[in-house]
Amino acid sequence: MRRPLLGAAGLLVVMALLEALPRAGLVDGRFLPPFGTTARALGAQLATGGFWTVLGQTARGWALGLALAMVAGVVAGMVIGSVPVLRAATASTIEFLRPIPSVALIPLVVLVYGSRPESALVLVVYAAFWQVLIQVLYGAADVDPVVRDTARSYRFSRWGTLRTVVWPTVLPYAATGFRLAAAVALILEITAELVIGVPGLGHAIGVAQSSGAVAETYALVIVVGLIGVVVNLSARAVERRVLRWHTSVRRDL
Amino acid sequence: MIRRLVLAVAVMLTAAACGSGPSVTEDGLTKITVGVIPIVDVAPVYLGVQKGFFAEQRLELELQTAQGGAAIVPGVVSGQFQFGFSNTTSLLLASAQGLPVKAVASGVASTGEPGKDFGAVVVAADSPIKTARDLAGKKVAVNTLRNINTTTVGNVVAADGGDPSAITYVELPFPDIAPAIARGDVDAGQLVEPFLTIATGQGDRQVVSNYAGTAPGLTVGLYFTGSQQDQAVVRAFTTAITRSMEYASAHPDEARAALSTYTKIDPAVQAALVLPKWPSTVDRASVQRLADLAQKDGLLPRAPDLNVLLP
C-alpha cells in the first residue's frame, strides 16, 4: 500500500517543481511553461478527436510491432537455443546485428516505405526482437541438465521436451524480454513518428513543435510519459499472470 | 544530421530504388502522394484540396508531412512521393548532383517588403546588432547550414557593407533558435513564420529580411517532381496547384484559416503572422540569383543550367 502512495508523492513533487521553476524565473517560462499551462493544453488536447486518432495510431503501431517481435523472438530463440550447432553458428551474427541501433536504419526505411506506418513497424520490430531473442536464448541455455537428461531417459519426443522442459524454463526469461521489448517498442514507435513523420503521437509532437506551440508540445510529451507508465505496469501485470506458478511470483512458498 | 544522411543514401540508391507509381481510385481519380513540410508555406495545397481544385483535375492527393525539406527530395526521387515541396536552393543542389528533379510550379515567394516578410534575422531586444552589417563576426543560427538561409543572409550582410565570411553559422531547428538567442548561445538567428511572429511578440527585434533583401519576389520554394512522371498527371497537378495558389493569394483569410487544419499554431499568432506570396509563376531571375549565391558560397561547383530544373 505504501509503494503507490510514494510513487504518487514523487509525481506531485515533479509537478510542483515544473510549476515553480518557470514562475520563479529559474527557467524561461516562454520555453518551459508552468505545469498549469501545460495541463490546460493537455486538457484541450483530450477534448479533440484528432488527439484520440493519433493515440490510436501509436497504440496500434506499438502493439503490432511488439506482437511480431514477441512471436519471432520466442520462436527463433527456442529453435536456436535448443540446437547447439545453430547456436554456435548464429552467435557472432547475433552479436553483430544486435548492437545496431534501430534509429540507424531510418534512412533505409524512409527510402523503402517513406513516412508510412510500415517504416515505424520495421524499426519497432527490429529493436524489440533482439530484447526477446536474447532473453529466450539465455532461458533455453538455462534448462536444468538433470531435468533434460531425465526427459531423454524417458524418451520424450523433441516436441515433448520443448513443451514440458524447455518452455517452462524459458517462460520467465521471455516475460522479462516482453517487459523490456514493450518499453523499447514504445520508444522506437515515438521516435519513428517524430523523425520520419509516421502518423501518430510523435508526429503530433513534431507538428506542435514546428508550429511553435510550446505548451501543446509539452502536453503531448507528458502523454507519451503516461503511456510509458501504463505500458510498464501492464507488462508487469502480464508477467505476474503468466508466471503465477513460478517461485519468483508465488507468495505461498 | 539525419536529413543529410537520408540525402546521401538516396543519392547512392537512386538507381536501385523502386517506388509505387500513381494509382487510380474507384471513382476514376488518379491517386498521388505529395511530400510537404507542415509549415505556413504549403497552406495553398491544403486549401486547394478543401476547395476541390485537385479533384477537378481528377487527382486525389495524399499529403505526407516530413519533418525536413531535405527528406522530401529523396522521397520524390525514389518514387515514394509523386510530387514534393522544397526550398529552391535545395533543389538547385539536388539538380547539380544529377538527381532527376524537375520543378512543376512556383511554391512560395518573398513578400518583397523588408521588415514585413515571412523570413528574417532576429536578435534579442537589447542586442548591439542594429543593421545587417553588424552581423559580421557574430554567431548566427540557421535551420540548415550551406543552404538558402546562409546564402541569403550572407548576401544581405554583404549588401550592407559587412563581411559575410566573418559570420559563424550554427545549425539549430527553427523552434530552438529563439531560446538560443535568449540564452546568448547565438547572437542572432534566421527565423521564418510562425517563429518570427512568436519571437518578435516576445520582444526580439528584426534586423534584416534576408529573402526580401535578396530579390523582391524571391522564389523561396518550389513544387517539383521526379523524372519518370506521367506528363498528363504533371500538367494536372501544375494546373491544380497554380489555381490553389491564386485562390490563396486572393483569399488570404481562408489561407490563414487553413493553417489550423494541419498545424497547431496559436490562434493569436495565426492571425498576426505575415503570409508569404504565392505567385503563379516562378521568378526565374530570382532563382538565377540564388544559384549565383550558392555558387559564390561554394555550394555549387559551377553555374547550373536552370533549364534542367525549371519548367
Side-chain angles (χ1 to χ4, degrees), chain A residues 22 25 27-33 37 40-42 44-45 48-51 54 101-119 123 191-220, chain B residues 2-10 12-14 16-20 33 35-40 62 64-68 71-72 74-75 77-81 173-176 178-180 182-183 191 193-199 201-203 259-266 269-270 273:
Chain A
V27 295
D28 196 326
R30 284 179 292 170
F31 311 129
L32 178 64
T37 313
R40 265 196 302 283
L42 181 57
Q45 289 281 330
T48 62
F51 169 80
V54 294
S102 222
V103 284
L105 302 179
I106 285 178
L108 189 69
V109 295
V110 166
L111 274 179
V112 182
Y113 297 113
S115 51
R116 292 173 214 284
E118 288 91 328
S119 285
L123 299 183
T191 307
E193 290 166 2
L194 188 56
V195 177
I196 309 175
V198 175
L201 265 179
H203 183 237
I205 294 177
V207 169
Q209 202 190 7
S210 60
S211 302
V214 180
E216 274 86 354
T217 308
Y218 284 111
L220 291 169
Chain B
I2 286 164
R3 280 170 303 174
R4 262 194 231 129
L5 203 62
V6 170
L7 192 61
V9 174
M12 288 186 290
L13 294 188
T14 305
C18 54
S20 51
T33 309
V36 295
I37 322 164
I39 52 172
V40 179
E62 186 189 339
Q64 285 206 9
T65 52
Q67 281 307 92
I72 295 176
V77 168
S78 72
Q80 280 302 322
F81 307 139
F174 282 126
D176 299 346
R183 277 195 310 269
L191 290 177
E193 293 292 9
F195 296 102
L196 191 53
T197 296
I198 295 172
Q202 292 171 341
L259 291 176
S260 53
T261 62
Y262 68 98
T263 71
K264 298 261 181 207
I265 298 174
D266 182 76
V269 175
Q270 188 172 320
L273 59 78

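Please read these numbers as outputs of a predicted model, since none were measured by experiment. Every chain is numbered from 1, with letters handed out A, B, ... down the list of sequences.
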Where is the tightest heavy-atom contact between [X] and [Y], given as atom of each residue plus distance?
{"X": "B/Ala182", "Y": "A/Phe31", "result": "CB-CE1, 3.7 Å"}
{"X": "B/Thr263", "Y": "A/Val207", "result": "CA-CG1, 3.8 Å"}
{"X": "B/Asp176", "Y": "A/Gln209", "result": "OD1-NE2, 4.3 Å"}

Non-neighbouring partners of A/Arg40 that pass salt bridge (charged side-chain N to carboxylate O under 4.0 Å, His left out), sequence neighbours left out: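 A/Arg40 satisfies salt bridge (charged side-chain N to carboxylate O under 4.0 Å, His left out) with no other residue.
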
Given that the side chain runs from C-beta out, which part of [X] has a heavy atom under 4.5 Å from chain A: side chain, backbone, both or neither?
{"X": "B/Pro179", "value": "both"}
{"X": "B/Phe195", "value": "side chain"}
{"X": "B/Ile198", "value": "side chain"}

Most contacts with chain B, counted as non-hydrogen pairs under 4.5 angstrom, among A/Ala204, A/Ala215, A/Gly212: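 Top option by heavy-atom pairs under 4.5 Å: A/Gly212.
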
Set of residues satisfying ring-ring contact (aromatic ring centres under 6.0 Å, His included) with respect to B/Tyr262, sequence neighbours excluded: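 Checked B/Tyr262 against ring-ring contact (aromatic ring centres under 6.0 Å, His included); matches are B/Tyr46.
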
Contact leader toward chain A among B/Gln270, B/Glu193, B/Gln64, where contacts are heavy-atom pairs under 4.5 Å: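 Max contact count across the listed options: B/Gln64.
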
